[in-house]
Amino acid sequence: QVHLAESGGGLVQPGGSLRLSCVASGAINRINRMAWYRQAPGKQRELVADDTHYSDSVKGRFFISRDNDRNTVDLQMNNLKPEDTAVYYCYALIVPMGLMSNAPYWGQGTQVTVSS
């Protein structure tokens with residue numbers, strides 16, 4: 001059984017920073033892709049960053065890093081703005097033990113609120 005666990009969310013003032021972390025655990029053969037998504041109330045879930053791409057709205061402020069040895073992916077969030085307020089979700093394409101094809105997995109989400 002595969003699980004993704006996020007941590008690091010919270011309440012910060014505009015201009016502040018947060019670092020989100022995600023750990024994948026369980027019966028994992030390999031992880032083909034890890035990414036961070038976010039969803040604000042009333043809006044669709046959108047890609048924030050993966051290994052090679054950043055959303056235009058976070059480019060230059062957010063930085064993704066992946067540790068393949070520990071099956072983790074972090075999101076360093078700098079110069080946060082009120083429009084960054086959302087639930088942030090860890091995402092991974094994972095080949096489970098005993099299978100040959102990947103499947104999508106989501107974390108439970110962590111709330112990030114940027115407000116004065």
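- Considering every non-hydrogen atom in both R38 and A86, the closest pair reads CB-CB, 3.9 Å.
- If you look at Y89 and Y37, their ring centroids are not closer than 6.0 Å.
- Residues W36 and L20 are in side-chain contact: their nearest non-hydrogen atoms beyond the backbone lie under 4.5 Å apart.
- At a threshold of 4.0 Å, the pair K81-D84 does not count as salt-bridged, since none of the basic side-chain nitrogens sits closer than that to a carboxylate oxygen.
- Within the 3.5 Å criterion, the main-chain N or O of V87 finds no donor-acceptor partner in the side chain of Q39.
- Considering all non-hydrogen atoms of both residues, S21 and D74 come closest at OG-OD1, 3.2 Å.
- Aromatic ring orientation, F63 versus Y54: perpendicular (interplanar angle above 60°, classes split at 30° and 60°).
- When all heavy atoms are compared, the tightest approach of V2 to A27 is CG2-O, 3.8 Å.
- The two atoms that bring N71 and N68 nearest to each other are OD1-O, 3.3 Å, heavy atoms only.
- Between R19 and L75, every side-chain heavy-atom pair lies at or beyond the 4.5 Å cut-off.
- For Q108 against A5, the heavy-atom pair with the smallest separation is OE1-CA, 4.1 Å.
- Taking 4.5 Å as the limit, some side-chain heavy atom of Q1 sits within range of a side-chain heavy atom of H3.
- Cluster membership check: Y105 shares its hydrophobic cluster with V48, using side-chain heavy-atom separations under 4.5 Å among Ile, Leu, Val, Met, Phe, Trp and Tyr.
- Side chain of Q13 to main chain of S116: no donor-acceptor pair is present (N/O by atom type, distance under 3.5 Å, no hydrogens or angles).
- With I94 as reference, I28 is the one residue of N29, N32, I28 to meet the side chain to side chain contact (heavy atoms under 4.5 Å, CB included) rule.
- Inter-residue side-chain proximity for S65 and V73 is flagged as unmet; no heavy-atom pair is nearer than 4.5 Å.
- Hydrophobic cluster membership differs between V23 and V112, with clusters built from Ile, Leu, Val, Met, Phe, Trp and Tyr side chains linked at under 4.5 angstrom.
- The two residues R33 and D50 come nearest to each other via the heavy atoms NH2-OD2, 3.2 Å.
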